[in-house]
Amino acid sequence: MAELEKSYNPKGIEEKWYALWLQGDYFNPDTVQGEPYCVVIPPPNVTGSLHMGHALNATLQDILIRWKRMLGFRTLWLPGTDHAGIATQNVVERELARKGLDRHRLGRDSFIQEVWQWRAEYGGRIINQLKRLGASCDWSRERFTMDEGLSRAVREVFVRLYDEGLIYRDNRLINWCPRCHTALSDLEVEHEEIDGILTYIRYPFSDGSGYIVVATTRPETMLGDTAVAVNPEDGRYKHLIGKAVSLPLTGRTIPVISDSAVDASFGTGAVKVTPAHDFNDEAIAKRQNPPLPSITVIGDDGRMTGEAGRKYSGIDRYECRKIVVADLKASGLIEREERYRHSVGHCYRCKTIIEPLPTLQWYVKVGPLAAGAIDAVRSGRIRIIPEMWNNTYFSWMENIKDWCISRQIWWGHRIPVWYCREMRNEECRMKDGVIASREAPVQCPYCGSKELTQDGDVLDTWFSSALWPFSTLGWPDKTEDLKTFYPTSVLVTGFDILFFWVARMIMMGLKFMGDVPFRDVYIHALVRDARGQKMSKSKGNVVDPLVMIDKYGADAFRFSLAAFAAQGRDIRFSEDRVEGYRHFVNKLWNAARFIMMNLKTIDAQQLCLQHLAPGESQTSGATPSAVSLDLASRWILSRLAATADEVNNALEGYRFNDAANSVYQFIWHEFCDWYIEMSKHALYSSDEDRAGTVATLLYVLDNSLRLLHPFMPFVTEEIWQGVKGSVSALGVSEGLMLYEGRSIMLSRYPSSLSRDHQAEDEMSFIVRVVTGVRNIRGELNISPAAEVRVLVRTFSDDAERVLKGNLHFIKRLAKAREVEIGRDVEKPHLSATAVTNHFEVYVPVEGLLNIDAEIDRLIKEKTKVEESLRSLDKKLLNEDFLKRAPKEIIEKERARYRDLVLKDERLEGSIKRLKETGVKR
RNA sequence: GGGCGGAUAGCUCAGAUGGGAGAGCACAGCCCUUACAAGGCUGGGGUCACAGGUUCGAUCCCUGUUCCGCCUACCA
């Protein structure tokens, strides 16, 4: 980058540096010393394509990882993908359908091969997208949940839990997706409010003595009713309990029963009971003595079964609903229909309405595991950030139900259970012929039979995800990685998978590693669109991160996400702000361009020997030696130190937005707006300050780039390498200790630099004079081209000394032709005034000044001062305040009061003089 | 039904432990000043949703109300 372009263009540059980082193996911690710091990525679905949630998630992790790496930690960010059972199977099935095939015709083994084939072809997509973002994952450790190693971990865990009785099989109602043709866990069901109809149906008594009316939103299930239930306390129905009802359309006779779960105030107070298709009804049925029978009228394909009767058999459940209602109407058994809004469960993958079905499934008994997981958070061994999620976590964990882990699909970890078909002895029959085994058994361990068949189901995808923090590090082997990096440092994730994933990882980690899987859980926001809507393909409001990267560059995009990531709040994504941060990238770029342009004119020996002292802290390189620096340089070094502290503190607390804002504010509004402008004096006047100024420019740029690097890895590397080239061309890089090393990502992160409070105080005098003059220029509309005279009447020695010593800065920044400073400076006639505590600034504006405008301006300011004075006055006269407020607050307010009184008097004086002038004129 | 979060400038949002209301964008004025017009300087704009309470003092803590958003639950 000998000659920099006028603006930064990320195309090509991002790829170039990412390739270099990979080539240098910089993401790999193997050869690094230091305290371990580890993050495992929430594995995106292998079918996935990078969306805003991933982008935010990965950006935050990369910021942490790059930051810690630069701080000297032995840093591992472990990447990988999830096999995503149902989602992936769906995708491949759609693919097959396009070719006119389906998985049943293909057969299980061929289908699985198809999926692997698909993965080989497309599974790397999201990984490549993460690379575009700049993610510094150690790709040599990339894992996939279906890898052999991870599959072994899955079998190990399953068998151990089974042997301990924590995994069992049971036949009960589960959530069934008729489209995906599989069981789902409670978590995989999304409840959504929909408009339905509440149908009131008359159920005639068998003895012909009238009827009882029940209300239902699912009339078709009446074909499977096995009772009508009422509340035992309900006076209207008490006498009917035990009576027989003739179930319409079926001719079956069912009883009227009582159950306290029935709400007398809802509907008619009488409820039809369908144990096979409703969780409530199942519970009621089980409470009866003897339990009510269960009749399954809807099959696993969502069509009515033979049990529903010949007329309805084979018909889709919703078609059947219409027919049943029509048939009932024809018999005069529909009392009325009401519109009714209620929530209905949908499959989280395909949005099909869930059908509760009685089936035989595998479950994990979570109660015993949950206790430890609750304690880990309660005791602080795991910290959830922000804390507000603690409550959500606790309330879910405390009400946790057993976890259905079997899925009737093909893609996933096959359940490591075999069934003995012969069950030749008592022991085998006692065990139901169930063999849970890490490897495929050759013969039945109980009876020796060789007639074994493996369970056809696979495990819930989240079962393998739950093991991710240790299975990826090599468990069940005792690997070096596991020893070094477990427990991992922090998990960064969205709250939407707090239960699916985070809670289960904690349970499994505690169970199998005997320790928590991570110290911190940082829960970030959900990215919504500009109107606050959840982004979804169907709504068409999705913002594609890759489009953002193409349009604005990965750096601007990443920085935006970090700046958006305020804790505890959802993000409304606005493209305008990304554009704003692209401007910031460009600002930085141009600052670097400026510095490099001025580098050519410097004498290398002078720069190196006289102006760079060995760095006071190991992390920041050589520091410009303070003795020989001008005020501006000392000031910017101190501001840099303050900024480094702010950024480090903010990142320590996961306040990414604060960190981003600090560095933005520093680079733009302190370094560029003030320091670079001030540096021009030394640079252009070729006096002895030049070398110190160049040294400071180089130093502050270097440290700014490093501060910014975790947020904007590409542009910082590009500039840093460019400056490095120029610096070494000067032949001073050896002694400089700046821009050292092969890459900025391997340099040290700025921290614990020293402040220079005196320089900051002194600089504030200059700032106040300059802004005073600028205000006057702006408000009185004095052309920026016009040079003015500036007079400053000082009231303190400090102010006088500092201002006199830095006239050149005032001249440059305020565009002043000449500056006069002193205690005895007189206010010229026809001049505008700016008032501060330490001095008054006068700008003579003969001919230019509109006296009335200037008087208005001063009166406006005086009004503000007096307003503040009034409220302060009240406060300081309040005895309670004086009695109870802390001393330092009272002193602060008093000082403020004194300053304001002074200012008020001076303003008054200026106004008076101006009025006199006006009269004279 | 239960729980959580939000309500601050025209817009999008910051304000970590109570003590002088901020940023970015947008808007207005003046400037192509030799890093940057994707820029510079200046300016206007807020009863911090509403009502109470605690406190010497509340945008911040407590209670209630209204309006949004989310999570969760077996009222058919």
Side-chain angles (χ1 to χ4, degrees), chain A residues 4 6-8 191 198 214-218 221 229 261-263 265-274 278-284 340 342-343 356 386 388-389 391-392 395-396 399 495-496 498-499 526 528 530 532-534 563-564 566-574 576-577 579-598 649-650 653 655 657-658 661 664-665 669 672-673 676-677 680 684 771 774-785 812-813 815 868 871-872 875 878-886 888-890 892-893 896 900:
Chain A
L4 284 178
K6 216 171 169 183
S7 61
Y8 173 66
H191 291 270
L198 191 58
V214 297
T216 180
T217 53
R218 303 201 52 195
T221 63
V262 178
D263 180 355
S265 65
F266 185 87
T268 60
V271 59
K272 57 191 271 319
V273 181
T274 322
D278 185 285
F279 290 100
N280 261 327
D281 294 359
E282 183 195 37
I284 291 175
Y340 183 66
H342 61 138
S343 89
M388 65 169 172
W389 292 106
N391 284 339
T392 313
S395 70
W396 187 73
N399 297 309
F495 63 84
D496 47 335
L498 184 61
F499 306 138
L526 206 68
R528 300 173 176 282
Q533 301 268 320
K534 215 167 174 172
F564 280 139
Q567 284 184 12
R569 213 187 212 197
D570 284 348
I571 294 169
R572 289 196 192 198
F573 186 80
S574 96
D576 286 350
R577 275 184 73 175
E579 194 178 348
Y581 290 123
R582 182 183 57 172
H583 296 173
F584 175 52
V585 172
N586 203 49
K587 188 76 183 177
L588 176 71
W589 179 259
N590 276 292
R593 201 158 71 95
F594 170 80
I595 292 167
M596 290 184 57
M597 280 169 52
N598 285 287
N649 287 337
R655 286 178 286 112
N657 58 328
D658 289 346
N661 287 331
Y664 176 93
Q665 174 68 25
H669 297 303
C672 291
D673 285 354
I676 287 187
E677 289 310 315
K680 287 174 184 171
Y684 296 161
T771 50
R774 280 176 177 172
N775 289 349
I776 289 167
R777 299 186 77 115
E779 293 187 27
L780 298 182
N781 239 329
I782 299 170
S783 153
R812 175 169 290 276
L813 297 170
K815 266 241 159 191
S868 311
S871 76
L872 263 182
K875 201 175 202 177
N878 184 336
E879 274 182 43
D880 287 327
F881 174 70
L882 298 174
K883 231 184 308 178
R884 300 182 202 240
E888 59 271 21
I889 297 289
I890 296 176
K892 204 174 131 198
E893 299 288 57
R896 229 180 97 212
L900 283 170

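Values below: every heavy atom of this structure, side chains too, minus hydrogens, waters and symmetry copies. Below, chain A is the first sequence line, B the second, and so on; all start at residue 1.
A 4.5 Å side-chain heavy-atom check between F881(A) and I889(A) finds at least one atom pair inside the cut-off.
Regarding N399(A), its CG atom lies at a distance of 11 Å from the C1' atom of rG3(B), rounded to whole Å. Taking atom NZ of K892(A) as the reference point, atom P of rG19(B) lies 8 Å away to the nearest angstrom. In this structure, M388(A) places its CE atom 12 Å from P of rC4(B), rounding to the nearest Å. With rounding to whole Å, Y8(A) atom OH is found 17 Å from rG39(B) atom P. The CD1 atom of I890(A) sits 11 Å away from the C1' atom of rG19(B) (whole-angstrom rounding). To the nearest angstrom, P of rG3(B) lies 11 Å from CG of N391(A). Atom CG of L882(A) is separated from atom P of rG19(B) by 19 Å (rounded to the nearest Å). F564(A) places its CZ atom 12 Å from the P atom of rU12(B), with the value rounded to the nearest Å.
Remark: N391(A) engages no residue in a side-chain contact (heavy atoms from CB on, under 4.5 Å) (not counting sequence neighbours). Under the side-chain contact (heavy atoms from CB on, under 4.5 Å) criterion, A283(A) pairs with R287(A), sequence neighbours left out. Every residue was checked against the salt bridge (charged side-chain N to carboxylate O under 4.0 Å, His left out) condition with K892(A), not counting sequence neighbours, and none meets it. The side-chain hydrogen bond (donor to acceptor under 3.5 Å, both in side chains) check on S871(A) picks up nothing, with sequence neighbours excluded. For D673(A), the side-chain hydrogen bond (donor to acceptor under 3.5 Å, both in side chains) test picks out H669(A), with sequence neighbours left out. Partners of F499(A) by side-chain contact (heavy atoms from CB on, under 4.5 Å), not counting sequence neighbours, listed by chain and number: L187(A), T392(A), W396(A). With sequence neighbours left out, N590(A) forms a side-chain hydrogen bond (donor to acceptor under 3.5 Å, both in side chains) with R593(A). D263(A) is linked by a side-chain hydrogen bond (donor to acceptor under 3.5 Å, both in side chains) to S265(A), counting only residues two or more places apart in sequence or in another chain. Applying the salt bridge (charged side-chain N to carboxylate O under 4.0 Å, His left out) test to D278(A) and every residue at least two apart in sequence or in another chain returns nothing.
Here, rU8(B) and rC13(B) have their P atoms 10 Å apart, quoted to the whole Å. When the P atom is used for both rU17(B) and rG5(B), the distance is 14 Å, rounded to whole Å. Taking atom C1' on both rA23(B) and rG46(B), the two are 14 Å apart, rounded to the nearest angstrom. rC60(B) sits 14 Å from rU54(B) when the C1' atoms are compared, rounded to a whole Å. Remark: the separation of the P atoms in rG22(B) and rG45(B) is 13 Å, to the nearest Å. When the C1' atom is compared between rC25(B) and rC61(B), the two are found 33 Å apart, to the nearest whole Å. The P atoms of rA76(B) and rC4(B) are separated by 24 Å, rounded to the nearest whole Å. Between the C1' atoms of rA58(B) and rG18(B), the separation comes to 6 Å (whole Å).
A distance of 13.5 Å separates NZ in K875(A) from CG in D880(A), rounded to the nearest 0.5 Å. Put simply, OH on Y340(A) and OG1 on T216(A) are 10.5 Å apart, with the number rounded to the nearest 0.5 Å.
As judged by a 4.0 angstrom heavy-atom cut-off over every strand, R896(A) is placed among the base-contacting residues.
Annotation: cation-pi geometry satisfied between K680(A) and F594(A) (NZ/CZ under 6.0 angstrom from ring centroid, within 45° of ring axis).
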Distances under 3.5 Å between protein N/O atoms and the N/O atoms of nucleotides 70-76 of chain B, please, pair by pair.
{"residue": "rC74(B)", "atom": "O2'", "partner": "N280(A)", "partner atom": "ND2", "Å": "2.2"}
{"residue": "rC74(B)", "atom": "N1", "partner": "N280(A)", "partner atom": "OD1", "Å": "3.2"}
{"residue": "rC74(B)", "atom": "O2", "partner": "N280(A)", "partner atom": "OD1", "Å": "2.3"}
{"residue": "rC74(B)", "atom": "O2", "partner": "N280(A)", "partner atom": "ND2", "Å": "3.2"}
{"residue": "rC75(B)", "atom": "O2", "partner": "D263(A)", "partner atom": "OD2", "Å": "2.2"}
{"residue": "rC75(B)", "atom": "N3", "partner": "D263(A)", "partner atom": "OD2", "Å": "3.4"}
{"residue": "rA76(B)", "atom": "OP2", "partner": "Y340(A)", "partner atom": "OH", "Å": "2.4"}
{"residue": "rA76(B)", "atom": "O2'", "partner": "A215(A)", "partner atom": "O", "Å": "3.1"}
{"residue": "rA76(B)", "atom": "N6", "partner": "D263(A)", "partner atom": "O", "Å": "2.6"}
{"residue": "rA76(B)", "atom": "N6", "partner": "F266(A)", "partner atom": "O", "Å": "3.1"}
{"residue": "rA76(B)", "atom": "N1", "partner": "D263(A)", "partner atom": "N", "Å": "3.2"}

Original post:
When every nucleotide of nucleotides 22-36 of chain B is labelled 5' to 3' by its protein contacts under 4.0 Å (heavy atoms), B for base, S for sugar-phosphate only, - for none, what sequence of letters results?
Top reply: --S----SSS---BB
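Both N657(A) and F584(A) lie near RNA chain B, and the one whose nearest nucleotide falls closer to the 5' end is N657(A).
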Subject >> Pairing string, 5' to 3', for RNA chain B - Watson-Crick or wobble contacts under 3.5 Å, brackets [ ] where pairs cross, | to another strand >> reply: (((((((..((((.....[..)))).(((((.......))))).....(((((..]....))))))))))))....
